[in-house]
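To find a chain, count down the sequence lines: A is the first, B the second, and so on, and within it residues start at 1.
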There are 2 protein chains.
Amino acid sequence: MNQVDTKTRILDAAERLFAENGIAATSLRAITAAAGANLAAVNYHFQSKEALIHACYSRRLGPANQERLEMLDVCQARAGDGAPALDEIMDAFVAPVLLGFMGTPFTALMGRMYAEPGDFARRVVGVHIGEIARRFSAALRRALPGLTEEDLFWRMHFSVGALAHTLAGGKLLEILSQGRCTMGDVQAIRKRMVAFLCAGLRAQASENL
Amino acid sequence: MNQVDTKTRILDAAERLFAENGIAATSLRAITAAAGANLAAVNYHFQSKEALIHACYSRRLGPANQERLEMLDVCQARAGDGAPALDEIMDAFVAPVLLGFMGTPFTALMGRMYAEPGDFARRVVGVHIGEIARRFSAALRRALPGLTEEDLFWRMHFSVGALAHTLAGGKLLEILSQGRCTMGDVQAIRKRMVAFLCAGLRAQASENL
DNA sequence: GTCTATAGTACGATAGAC
DNA sequence: GTCTATCGTACTATAGAC
């Protein structure tokens, strides 16, 4: 009974190969071969390659985003009438993703999500990120009352970039730092990232330059 | 004499199509059709698809990285024995790319550069980013003497992420902010980004959480 | 639910005429 | 330097037996 479903094996193989070689460069043949399944099984369990891609994202992003919202709920409840501390909000944003995905193939897939070309990717992002964006931008607006709405959106955008790049590009950092930085200690990355993002979000608007 | 070289037309078309649809999803046939050239011309002027991709990156990244280094030279010369101000260093890092590429198809290509799967992409990054990384990390180390080397690399990594994501993902920001933020005013983006990154780089190392 | 077989199309690369 | 023609291969998707 520890034998896994064909459907799940296909999802697992697709996730890994999409992450390693990119979505467009991964054929259904490579996926079914890696999954020990038949080529036709992909069109039986899913309808098309595009539906399989969507299923890969949904399987992981659903739970992670759920956890983000729950962590935000918790710190908002604890803050009562006041706004939660900025680093609690940002930790709720980054921790479920970092702790949940770092070290798994899905990191690369999630890191590339926003940069993936084509309209399909934008649909995936729209479906999975809509409520997250609403809830967190509302929380941040309360925590950073001095910021204009425009500044806030830009700084959230930069923050998402730092997170996505860390998920997608770990190997690059290891190369550039000549091995001094690794993805090994996820809790340390979490702290570093929250510290960096909170400071960036709190920056004075610079009028010089 | 305003007629453009076939080789250049192929490069232009490849750049645009790679940016719009992704590298793997863009066929040489689509490129030569858009360039008004023959399919065989790509293998005559370049040797292969991979060499064409490399040429696309080199054509733009060479001059932009040159300008980054020149801006860094200028502010280091002006600072004399002292270290240049942090925002001058970071401006030298982001301005040539933002001002040079924003609004051109190459933005998307550059934004995706670090996330592109496969070993080939890592080679492109290695070739074009090596000296940039060395020079800027040395400058930042002098400007931020309180930071451990490890912290510095991580924060540079987050900074590259914010920049890359801004280059690659402008449309996402416009959607999430419901049109309130656009890529229109590049000088404003430059100021915002430098302010955000400098504050993040200067953050206190957080030991709580 | 899983297989074989195949239809129909597209790909990168090259040979060889001009 | 540019063309046509084509080789060999790979792709997604589906039809139909088991």
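Without hydrogens or angle criteria, A:Arg190 side chain to A:Ala95 main chain gives no donor-acceptor distance under 3.5 Å. In this structure, A:Arg155 contributes its side chain and A:Leu201 its backbone to a donor-acceptor pair below 3.5 Å.
Contact footprint of chain A on DNA chain C: nucleotides with an atom under 4.0 Å from a non-hydrogen protein atom, first to last in 5' to 3' order, C:dG1 to C:dT4.
A:Asn43 has its CG atom 11 Å from the P atom of D:dA15, to the nearest Å.
Taking CG from A:Leu140 and CE from A:Met156, the interatomic distance works out to 5.5 Å, rounded to the nearest 0.5 Å.
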Where do N or O atoms of nucleotides 5-11 of chain D meet protein N or O atoms at under 3.5 Å, pair by pair?
residue, atom, partner, partner atom, Å
D:dC11, OP1, A:Ser27, OG, 2.8

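Between A:Asp12 and A:Arg59 there is a salt bridge, since a side-chain N of the basic residue sits under 4.0 Å from a carboxylate O of the acidic one. Classification of A:Arg135 and A:Asp73 as a salt-bridged pair holds, one side-chain N sitting under 4.0 Å from a carboxylate O.
A side-chain hydrogen bond (donor to acceptor under 3.5 Å, both in side chains) check over residues 33-53 of chain B, counting only residues at least two apart or in different chains, returns the pairs B:Glu50-B:Arg123.
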(message) Test ring-ring contact (aromatic ring centres under 6.0 Å, His included) on B:Tyr57 and B:His128; report intermediate values, then the result.
(response) CA-CA 9 Å; B:Tyr57 277 110; B:His128 289 103; 7.3 Å; no
Inset, instruction - In sequence, state the C-alpha distance, the side-chain angles, and the governing distance for A:Ser177 and B:Trp154, and then conclude on side chain to side chain contact (heavy atoms under 4.5 Å, CB included). - result: CA-CA 9 Å; A:Ser177 74; B:Trp154 273 106; over 6 Å; no
